[in-house]
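Here's the structure, in structure tokens; my notes come after.
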Amino acid sequence: GQNIDQPTEMTATEGAIVQINCTYQTSGFNGLFWYQQHAGEAPTFLSYNVLDGLEEKGRFSSFLSRSKGYSYLLLKELQMKDSASYLCAVRDTDYKLSFGAGTTVTVRA
Amino acid sequence: IAGITQAPTSQILAAGRRMTLRCTQDMRHNAMYWYRQDLGLGLRLIHYSNTAGTTGKGEVPDGYSVSRANTDDFPLTLASAVPSQTSVYFCASSEEAGGPSEQFFGPGTRLTVL
């Protein structure tokens with residue numbers, strides 16, 4: 001199984017940078033995903049990492065270190081619309097996803 | 001519009017009743033999933049199907065059953081609902097079970113069992 005930890009809440013100012021950390025313990029690793037979920041809506045895909053290193057996609061970047069069981073999601077140039085919950089999810093070798101409880105990010109003007 | 005749909009949007013159900021949540025996707029994705037989302041616990045996998053005709057158990061399968069008779073549909077059945085099954089249920093699909101295929105989520109079904 002998977003044990004996935006991420007902070008419950010984070011607050012940042014519009015235009016700033018926020019880093020959301022995710023640590024995991026896994027019996028088998030086959031990729032790490034980040035999803036964004038606005039209140040009352042479905043999760044939407046942000047990023048995928050399977051090899052160590054940084055994946056950049058516009059204002060969002062995700063980093064993975066498999067040896068440390070660690071990932072982070074970096075949100076740059078924060079906008080009000082980035083206020084949402086961010087979910088870290090680890091896929092095992094049976095292709096099943098396990099999600100962390102999510103980090104609620106509040107962006108303030 | 002291509003995507004994944006769920007029905008009903010919300011439902012209030014008496015304990016002991018049988019209920020089927022419907023999920024349909026028109027993206028010809030091979031893999032489909034059912035999750036429940038509870039406050040503070042995040043999304044938990046109930047059942048999954050890597051391809052039509054096959055299903056598997058997730059983290060919290062007890063009290064739920066699924067079938068995958070064709071590629072598009074993946075219904076979730078609660079045989080005899082209990083209050084602890086009150087939750088928001090999300091169906092998801094992905095092109096393949098592995099690789100970089102991300103999961104696309106339906107809009108969710110809010111279920112209340114009294």
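Every chain is numbered from 1, with letters handed out A, B, ... down the list of sequences.
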Test log, rule ring pair (Phe, Tyr, Trp, His ring centres under 6.0 Å), inputs B/Tyr33 and B/His47: CA-CA 6 Å; B/Tyr33 314 85; B/His47 285 287; over 10 Å; no
Verdict with reasoning, B/Phe74 to B/Tyr48, per ring pair (Phe, Tyr, Trp, His ring centres under 6.0 Å): CA-CA 9 Å; B/Phe74 192 43; B/Tyr48 66 96; 8.8 Å; no
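Contact of B/Leu45 with chain A is made through the side chain alone, with heavy-atom distances under 4.5 Å. Neither the backbone nor the side chain of A/Ile4 comes within contact range of chain B; no heavy atom of the residue lies under 4.5 Å from a heavy atom of that chain. Only the side chain of B/Gln37 comes within less than 4.5 Å of a heavy atom of chain A; its backbone N, CA, C and O stay farther away. Only the side chain of B/Tyr35 comes within contact range of chain A, with at least one heavy atom under 4.5 Å from a heavy atom of that chain. In this structure, chain A has a heavy atom under 4.5 Å from the side chain of B/Asn50, while its backbone stays farther away.
B/Asn70 places a side-chain N or O within 3.5 Å of a backbone atom of B/Asp73 that can act as its donor or acceptor partner.
Per-residue counts of heavy-atom pairs under 4.5 Å with chain B were compared for A/Gly102, A/Gly100, A/Pro43, A/Ser47; the largest is that of A/Pro43. Ranked by heavy-atom pairs under 4.5 Å with chain A, the first of B/Gly108, B/Gly98, B/Gly42 is B/Gly98. Contact count against chain A (heavy-atom pairs under 4.5 Å) is highest for B/Pro100 among B/Gly40, B/Pro100, B/Gly106, B/Pro107.
Ion pairing between B/Arg44 and B/Asp38 holds under the 4.0 Å rule for side-chain N and carboxylate O. For the pair A/Arg91 and B/Glu102, the salt-bridge criterion is not met [side-chain N within less than 4.0 Å of a carboxylate O].
Looking only at atom types and distance, the side chain of B/Tyr64 has a donor-acceptor partner in the side chain of B/Arg36 under 3.5 Å away.
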